[in-house]
Amino acid sequence: NMGTNVDVRPGDLFFIFANQDNGQPEKTPKAKVVVLRVLDKALALAEVTEIKDAGGNPIRENDHVDNALWAPNMRKALGNKKHIALRGRMPLRDPNVDNTIELVKRLEDMGVIVDAYIDFNDKENPLKINTSGEGITEKTFLLIEGDDPYKAAAKPEDPAYKAMRKVDDTARDFNIRRMSLAGFLQSVGWDK
């Protein structure tokens, strides 16, 4: 029942959750689907790309469809966009390569607002904030935690170290939920 009415687009990925007796979705998804084509206002063609138990727990009409990053009309209305912040290095494929800028671009392409991230290549001003200039606020719903290059030894004079501490303090002030990079990638179904 989703199509142009909520700005579903080809390539959007969703998880399928069975509904429990109380009407709430189960915590673990049973399948993953990708939108192939939008057919109408409330209709899209999707392909099942993964299903855990097609015989014992098939996809049903009233199952819950969700993706933690997606929201109806998020690409059209600024108020509908999800806000995320990043802390640390973000290795997507090779654990020795920081892909923070690539991850920021991928999130922004999806319509997500990246409130803050750390560019470890910028030695003078590594803390980057969104174009509104607000940075992490009460709108930020998630802090993705990547690798901490200072885990072994603090470097209080290093601007990137200071930026990470600032992100930590602000996220704590706003009581923002934290998730590891690996957990985040899995929760939204991204292949690295």
Side-chain angles (χ1 to χ4, degrees), residues 7-15 29 32-35 49-50 65-152 155 158-192:
D7 194 28
V8 168
R9 296 187 185 178
D12 285 350
L13 182 139
F14 295 95
F15 290 98
K32 185 169 34 171
V33 299
V34 174
V35 175
T49 59
E50 183 180 313
V65 179
D66 194 18
N67 180 320
L69 290 181
W70 188 87
N73 299 310
M74 69 180 198
R75 296 176 190 97
K76 294 179 179 178
L78 186 60
N80 292 348
K81 294 181 182 242
K82 300 280 185 156
H83 287 252
I84 288 179
L86 308 177
R87 179 198 179 277
R89 296 181 190 270
M90 303 289 154
L92 296 177
R93 291 167 291 281
D94 181 338
N96 299 313
V97 177
D98 180 18
N99 301 107
T100 301
I101 305 304
E102 178 186 340
L103 180 58
V104 168
K105 173 117 179 65
R106 286 176 72 180
L107 289 165
E108 290 175 343
D109 286 349
M110 288 184 63
V112 173
I113 295 174
V114 179
D115 289 331
Y117 68 94
I118 299 164
D119 181 353
F120 288 91
N121 293 319
D122 187 336
K123 301 301 180 195
E124 291 181 28
N125 188 20
L127 181 59
K128 306 300 180 191
I129 59 174
N130 61 26
T131 55
S132 72
E134 294 178 323
I136 298 172
T137 67
E138 67 279 348
K139 295 178 199 170
T140 309
F141 91 102
L142 182 65
L143 176 66
I144 301 169
E145 296 184 308
D147 293 343
D148 184 347
Y150 304 103
K151 191 174 184 177
K155 295 184 180 176
D158 187 331
Y161 178 84
K162 290 178 185 178
M164 287 190 53
R165 299 295 75 80
K166 184 172 183 173
V167 168
D168 276 336
D169 293 344
T170 309
R172 193 174 309 109
D173 290 346
F174 287 109
N175 197 26
I176 295 169
R177 188 179 120 202
R178 295 170 178 256
M179 182 180 282
S180 71
L181 175 62
F184 169 75
L185 294 174
Q186 183 179 16
S187 75
V188 295
W190 275 3
D191 294 325
K192 295 179 181 183

Nearest-0.5 Å distance, [atom1] of residue [X] to [atom2] of residue [Y]:
| X | Y | atom1 | atom2 | value |
| --- | --- | --- | --- | --- |
| His83 | Phe141 | NE2 | CZ | 10.0 Å |
| Phe184 | Ile84 | CZ | CD1 | 4.5 Å |
| Leu107 | Lys82 | CG | NZ | 12.5 Å |
| Asn175 | Leu143 | CG | CG | 11.5 Å |
| Arg165 | Asp158 | CZ | CG | 10.5 Å |
| Leu92 | Leu185 | CG | CG | 6.0 Å |

Using a 4.5 Å cut-off on heavy atoms from C-beta on, say whether the side chain of [Y] contacts that of [X].
| X | Y | result |
| --- | --- | --- |
| Ile144 | Met179 | no |
| Thr100 | Asp119 | no |
| Asp148 | Arg87 | yes |
| Arg9 | Asp7 | yes |
| Pro29 | Glu50 | no |
| Glu108 | Val114 | yes |
| Asp66 | Phe15 | no |

Indicate yes or no for a side-chain donor-acceptor contact from [X] to the backbone of [Y] under 3.5 Å, with no hydrogens or angles considered.
| X | Y | answer |
| --- | --- | --- |
| Asp169 | Lys166 | no |
| Asn99 | Pro91 | no |
| Thr140 | Thr137 | yes |
| Asp98 | Arg89 | no |
| Asn130 | Ile113 | no |

- If you take all heavy atoms of Ala116 and Leu127, which pair is closest and at what distance? CB-CD1, 4.3 Å
- Full working for side-chain contact (heavy atoms from CB on, under 4.5 Å) between Asn67 and Asp12: CA-CA 9 Å; Asn67 180 320; Asp12 285 350; over 6 Å; no
- Task: Kindly check if the number of other-residue, nucleotide or ligand heavy atoms within 6.0 Å of NZ (Lys162) is above 12?
- Result: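 Enclosed: over 12 neighbouring heavy atoms sit under 6.0 Å from NZ of Lys162.
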- Query: Yes or no on side-chain contact (heavy atoms from CB on, under 4.5 Å) for Asp168 and Arg178, after CA distance, side-chain angles and deciding distance?
  - Reply: CA-CA 10 Å; Asp168 276 336; Arg178 295 170 178 256; 3.2 Å; yes
- Message: Using 30° and 60° as the class boundaries, would you call the ring planes of Tyr150 and Phe120 parallel, tilted or perpendicular?
- Response: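 If you compare the ring of Tyr150 with that of Phe120, the planes turn out tilted.
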- Run through Val97, Asp147, Leu181, Ile101 and flag the one making a side-chain contact (heavy atoms from CB on, under 4.5 Å) with Met90. Leu181
